[in-house]
Amino acid sequence: MNYWVMKSEPDTFSIDDLKRKKREAWDGVRNYQARNFMRDGMRVGDGVFFYHSNCAEPGIAGIAEVATDAYPDPSQFDPKSQYFDPGSSRDNPRWMLVDVKFVKKLTRVITLKELQAQPNLTDMALVRKGNRLSVMPVTAAEWRAILALE
DNA sequence: GCCAACGTTGGC
DNA sequence: GCCAACGTTGGC
């Protein structure tokens, strides 16, 4: 069982959207490191912090769960999609994704500011300046420490 | 909207 | 293979 944080801009897809839809294919990831985490690291049942980025109150807004193994992101084959990748093929897909299912919305957003203020979380990739990865691993200790803040 | 950080692209 | 130019992310 591993833990992850996945970022989404709430204007595009928020924890409330996931709550309403119950489940979502996490498409559009076009970063190799993030893809590798989904493809090689994620297993069904892994815990996911749903992080709101690029918004008024950036932070962890809810909990989700990995619902599938990785499979090819269909949007890479769709010429009409903003995520279309002409360099990818069905025989040799470049981009993978997982489905994520809603677990719960936190009673409040645990803000980035708050996470940065935790002495035991200073090593966490998420809180380090300039980290733009949209999918990152979280240790079990970090997972517990963050849940305890709610 | 600004800009720092950083990944990607492409000329050489 | 180097690295400048460029594009994107995301906090502020």
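In what follows, chains are A, B, ... by sequence order, proteins preceding strands, each numbered from 1.
- Salt-bridge check for K19(A) with D16(A): failed, with every basic side-chain N at 4.0 Å or more from each acidic carboxylate O.
- For the pair V135(A) and M42(A), the tightest heavy-atom approach, listed with the atom from each and the gap, is CG1-CE, 3.7 Å.
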Mind listing the N/O atom pairs, protein and nucleotides 8-10 of chain B, below 3.5 Å?
none

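- Side-chain proximity of K129(A) to the nucleotides dC6(B), dA4(B), dG11(C) is greatest for dA4(B).
- For the pair R132(A) CZ and dA4(B) P, the computed distance is 14 Å after rounding to whole Å.
- With rounding to whole Å, D85(A) atom CG is found 17 Å from dG7(C) atom P.
- One interatomic measurement links the two molecules: CG of L133(A) to P of dG11(C), which rounds to 13 Å at whole-angstrom precision.
- Taking 4.5 Å as the limit, every side-chain heavy atom of F77(A) sits out of range of all side-chain heavy atoms of Y83(A).
- Between the side chains of T68(A) and R23(A), no donor N or O sits under 3.5 Å from an acceptor N or O.
- One interatomic measurement links the two molecules: CE of M136(A) to P of dG7(B), which rounds to 12 Å at whole-angstrom precision.
- Ring pair F50(A)/F13(A) is tilted by interplanar angle, where 30° to 60° counts as tilted.
- Taking both residues in full, the closest heavy atoms of A145(A) and N120(A) are given as CB-ND2, 3.6 Å, listed atom of the first, atom of the second, then distance.
- Here dC2(B) presents its C1' atom at 13 Å from CG of N54(A), a figure rounded to the nearest Å.
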